[in-house]
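I have placed the structure first, in the form of structure tokens, so that the comments after it can refer back to it.
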Amino acid sequence: MRMSHMFGRTLREAPADAEIPSHQLMVRAAMIRPLGAGLYSLLPLGLRVIRKVEQVVREEMDAIGGQEMLMPVVHPSDIWERSGRFFEVGPEMTRLKDRGDRDLVLAMTHEEVVTDLVSTEVNSYRQLPQIVYHIQTKWRDEPRSRGGLIRVREFTMKDSYTLDTDAEALDTGYEKHAVAYDRIFTRIGLDFIKVGADVGMMGGSKSEEFMAFSPNGEDTLFICPNGDYAANREVAEFRRDDPAPEDLLPVEEVETPDTDTIAKLAELLDIPLSRTAKAVFYIGESGRFIFAVIRGDLDVNETALRQATGEATLTPATADQIRAIGAEPGYGSPVGVEGAVIVVDESIRQSPNLVAGANRPGYHLRNVNLGRDYEADIVTSFASAWEGAPCPVCNAPMKLERGIEVGNIFQLGTRYTEKMGATYLDKDGKAQPVVMGSYGIGIGRNAAAVVEQRHDERGIVWPISIAPYHVSLLSLGKEAEVIEATDRLFAELEAAGVEVLYDDRADRPGVKFTDAELIGNPIRLSISKRTLGAGEVELRLRTETDSEMVPADEVVGRVTGIMADLFAELDPDSGA
RNA sequence: CGGGGUGUGGCGCAGUCGGUAGCGCGCGGCGUUUGGGACGCUGAGGUCGGAGGUUCGAGUCCUCUCACCCCGACCA
């Protein structure tokens with residue numbers, strides 16, 4: 001490609017509304033342009049990156065037996081009604097009508113279409129297992145898009161689906177995906193980790209996320225320094241030590257004026273936070289009052305609490321709602337309340353003789369004990385982990401990291417196939433629901449994550465696997481012999497299968513160097529009157545600050561050799 | 001949806017007390033330059049986000065509205 005005719009210009013300054021590096025650099029480097037909130041055009045340079053990410057994904061999906069297909073972006077709403085998600089998913093899914101007043105939805109994912117296809121295409125256990133996938137547009141009307149390509153509303157996603165006869169076979173397909181994903185993210189040069197995750201709106205039983213490390217990531221991860229455990233904050237567990245057993249002491253009311261927070265209470269009574277029981281009040285989506293009880297030194301993980309209660313949303317209760325069940329804001333305890341679902345964290349069960357509210361202003365109770373003084377409807381774990389929390393496996397203090405979710409894998413089970421009647425006949429001729437898994441990779445987000453991890457003050461430092469071009473070729477000077485020599489090298493490189501972005505513009509050298517570094521192709525070649533006089537070409541890697549002079553007739557071989565080395569560095573089979 | 005912020009030429013910005021819109025970069029032409037974002041001359045390009053209002057007069061004041069960004073809520 002000759003830069004003199006490339007569509008899209010580089011920008012000297014980033015748009016004022018771009019804050020994170022990947023957003024700024026991809027706009028400046030003429031890869032993306034904003035159209036609206038969460039909507040981006042891909043310019044030719046950016047599209048090349050996206051296509052390369054897609055191709056890596058495609059190769060690895062094919063390698064585990066995936067069959068590529070393509071499903072529509074617009075769906076008739078009835079399949080979503082049959083799965084139930086038409087009613088479960090909120091405004092994130094866009095609904096529209098066609099000219100015949102028929103209800104349609106814009107696809108935010110494709111479980112429904114796959115399941116619908118399965119019901120007609122799969123009839124026998126002999127056809128299973130299967131892996132199908134497509135790489136296609138998704139529309140999710142996010143409440144808030146952000147960060148360039150990190151979180152957008154319209155985006156390209158690879159979604160694949162495993163179809164199996166039983167849970168054991170599902171494990172196999174799931175594990176194949178875990179391996180394929182490892183290879184994909186390695187090949188595109190990401191520094192990443194697989195963590196345990198919440199199943200969210202996808203439902204199902206098991207889910208893990210692949211997280212690219214980045215301070216600009218939206219997720220918080222807890223990671224064991226010994227590699228024994230890694231989880232999204234939403235589901236992160238930690239080791240809970242059993243406190244020394246104590247005899248249960250009698251309940252005793254204590255006057256605590258103006259002590260409406262746990263911190264004040266602990267100070268007033270001169271006890272550690274861990275000797276108090278904290279009450280947190282929510283109203284669930286069903287309208288039930290959710291009364292969460294947790295040890296005073298811990299915080300509620302609302303995702304875990306939603307899971308435990310089966311409530312899709314939890315809204316903090318108002319003071320009036322709290323009083324309506326017989327509790328008192330600031331002085332609440334589960335002792336004597338009525339009409340609430342009492343959910344107790346494990347920390348409480350393990351801790352005897354805690355201080356809790358007396359459900360009247362200015363008073364608390366000492367020596368409150370679960371089972372003696374009140375009963376729980378649910379006892380489970382819903383405490384948030386924290387930086388330094390003990391690893392649930394080895395007890396080492398966990399590190400807190402930020403990550404960008406670049407892929408996720410879900411075991412769906414029969415959630416969709418049962419509802420939509422996607423069955424196969426087993427060996428006994430009996431109809432059984434197909435067991436499904438669902439696996440996603442956001443293509444554009446991956447490209448952005450790579451930029452977040454691989455850039456410097458001058459621009460992007462692409463890994464060769466997804467760089468827009470392998471080589472930036474610069475002609476320095478307008479002398480005819482320089483132009484001719486650069487034209488010739490351009491042709492030779494292309495003939496050798498090297499992808500070249502040829503900066504043939506009439507600009508000064510500084511402009512070309514700067515743009516080459518901004519765009520970030522891995523190999524830079526420069527030809528000028530000076531190099532020509534010595535019969536050489538200057539070669540510099542984007543990752544290096546020193547150049548190398550290469551005899552003109554060795555350049556193509558040298559470049560292809562470097563390319564092979566660069567690809568090898570990203571090769572998951574090389575053991576590097 | 002709550003909180004904060006910004007809308008002036010392609011990008012970055014200025015615009016005082018209300019007086020008829022300017023700077024840098026970029027872009028076209030000519031000339032001089034050519035190894036780290038050159039210089040001179042010259043030229044093109046703006047419904048000042050939109051609507052309404054106040055006023056002799058609005059980029060500027062008032063009202064409404066739209067869009068975008070950031071934090072939170074939410075989120076496969």
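Here is the naming used below: chain letters follow the sequence lines, and residue numbers restart at 1 for every chain. Computation of the quantities below employed the complete heavy-atom set of this structure, encompassing side-chain atoms and omitting hydrogens, waters and symmetry-equivalent molecules. These numbers come from a predicted model, not from an experiment.
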Inset, instruction - Provide the Watson-Crick or G-U wobble partner of rU33(B), both distances under 3.5 Å; none if there is no partner. - result: none

Legend entry - Base-pairing assignment for rA67(B) (Watson-Crick or G-U wobble, both under 3.5 Å): rU6(B)

Inset, instruction - Using Watson-Crick or G-U wobble geometry with both distances below 3.5 Å, tell me the partner of rC61(B), or none. - result: rG53(B)

Legend entry - Sugar-phosphate or base contact per nucleotide [nucleotides 31-46 of chain B; S, B, -; heavy atom under 4.0 Å]: --BBBBBB--------

Legend entry - Whole-Å distance separating the CD atom of Glu154(A) from the P atom of rC75(B): 22 Å

Legend entry - Nucleotide paired to rG22(B) in any strand shown, Watson-Crick or G-U, under 3.5 Å: rC13(B)

Legend entry - Results of side chain to side chain donor-acceptor pair (under 3.5 Å) for Lys176(A) - residues two or more places apart only: none

Legend entry - Residue pairs passing the side chain to side chain donor-acceptor pair (under 3.5 Å) test where at least one lies in residues 8-19 of chain A, sequence neighbours excluded: Thr10(A)-Asp515(A)

Inset, instruction - State, without any angle test, whether Thr162(A) and Tyr439(A) hold a side-chain donor-acceptor pair at a distance under 3.5 Å. - result: yes

Inset, instruction - Could you check how far CZ of Phe7(A) sits from P of rC27(B), rounded to whole Å? - result: 16 Å

Legend entry - Tyr40(A) and His23(A) aromatic ring geometry - parallel, tilted or perpendicular at 30°/60° bounds: perpendicular

Inset, instruction - Sequence neighbours left out, what passes ring pair (Phe, Tyr, Trp, His ring centres under 6.0 Å) with His110(A)? Give chain and number order. - result: His75(A), His134(A)

Legend entry - Whole-Å P distance, rC13(B) and rG29(B): 29 Å

Legend entry - Mate of rG43(B) where both pairing distances stay under 3.5 Å, Watson-Crick or G-U: rC27(B)

Legend entry - Distance between C1' atoms of rG12(B) and rG37(B) (Å, rounded): 15 Å

Inset, instruction - Can you tell me, in whole Å, how much space there is between the C1' of rG59(B) and that of rU47(B)? - result: 12 Å

Legend entry - Pairwise P distance, rU42(B) and rG24(B) [rounded to whole Å]: 13 Å

Inset, instruction - For Asp345(A), enumerate each residue passing the side chain to side chain donor-acceptor pair (under 3.5 Å) test, keeping only those at least two apart in sequence or located in another chain. - result: Arg240(A), Ser347(A)

Legend entry - Non-neighbouring partners of Arg146(A) that pass salt bridge (Lys or Arg N to Asp or Glu O under 4.0 Å), sequence neighbours left out: Glu218(A)

Inset, instruction - Identify whether any heavy atom of Arg9(A) sits under 4.0 Å from a base atom; if not, whether one sits that close to sugar-phosphate; answer base, sugar-phosphate or nothing. - result: sugar-phosphate

Legend entry - side chain to side chain donor-acceptor pair (under 3.5 Å) partners of Lys158(A), counting only residues at least two apart: Ser160(A), Tyr181(A)

Inset, instruction - Nearest whole angstrom, please: distance from the P of rA73(B) to the CG of Asp141(A). - result: 19 Å

Inset, instruction - Measure from CD on Glu218(A) to C1' on rG72(B) and round the result to the nearest Å. - result: 12 Å

Inset, instruction - Hey, could you give me each pair passing salt bridge (Lys or Arg N to Asp or Glu O under 4.0 Å) that has a residue in residues 517-529 of chain A? Not counting sequence neighbours. - result: Arg458(A)-Glu517(A), Glu517(A)-Arg524(A), Arg524(A)-Glu538(A)

Legend entry - Integer angstrom distance from the P of rC61(B) to that of rU6(B): 13 Å

Legend entry - Test of ring centre spacing under 6.0 Å for Phe291(A) and Phe281(A): yes

Inset, instruction - Let me know the distance between CG of Asn216(A) and P of rC70(B), rounded to the nearest Å. - result: 11 Å

Legend entry - Rounded interatomic separation in angstrom, taking CD from Glu92(A) and P from rC74(B): 13 Å

Inset, instruction - Quote, to the nearest angstrom, the C1' distance that separates rG35(B) from rA14(B). - result: 36 Å

Inset, instruction - Considering only NZ, NE, NH1 and NH2 on the basic side and carboxylate oxygens on the acidic side, decide whether Arg82(A) and Glu112(A) come within less than 4.0 Å. - result: no

Inset, instruction - Select base, sugar-phosphate, or nothing to describe what Pro143(A) touches, counting heavy atoms under 4.0 Å on all strands. - result: base

Legend entry - For Asp553(A), salt bridge (Lys or Arg N to Asp or Glu O under 4.0 Å) partners two or more places apart: none

Inset, instruction - For Gln24(A) and rC69(B), give me the distance from atom CD to atom C1', rounded to whole Å. - result: 12 Å

Inset, instruction - Using the C1' atom as the reference point in each nucleotide, state the distance between rG28(B) and rC64(B) in Å, no decimals. - result: 42 Å

Legend entry - Complementary nucleotide for rG72(B) - Watson-Crick or wobble, under 3.5 Å: rC1(B)

Polar pairs (N or O, both sides) under 3.5 Å between protein and nucleotides 65-68 of chain B?
{"unit_1": "rC68(B)", "atom_1": "OP1", "unit_2": "Ala37(A)", "atom_2": "N", "d": "3.0"}
{"unit_1": "rC68(B)", "atom_1": "O2'", "unit_2": "Asp17(A)", "atom_2": "OD2", "d": "3.4"}

Legend entry - C1' gap between rC27(B) and rG10(B), integer Å: 9 Å

Inset, instruction - Would you indicate what Tyr439(A) reaches in the nucleic acid, counting non-hydrogen atoms under 4.0 angstrom: base, sugar-phosphate, or nothing? - result: nothing

Legend entry - By salt bridge (Lys or Arg N to Asp or Glu O under 4.0 Å) - contacts of Glu208(A) (at least two apart): Lys194(A)

Inset, instruction - For RNA chain B, find the residues of residues 482-490 of chain A with a heavy-atom distance under 4.0 Å and give them by number; none if there aren't any. - result: none

Inset, instruction - May I ask you to say what Ala14(A) touches in the nucleic acid, namely base, sugar-phosphate or nothing, with a heavy-atom cut-off under 4.0 Å? - result: sugar-phosphate

Legend entry - Comparing Gly147(A) and Arg445(A) on RNA chain B - which has the more 5′ nearest nucleotide: Gly147(A)

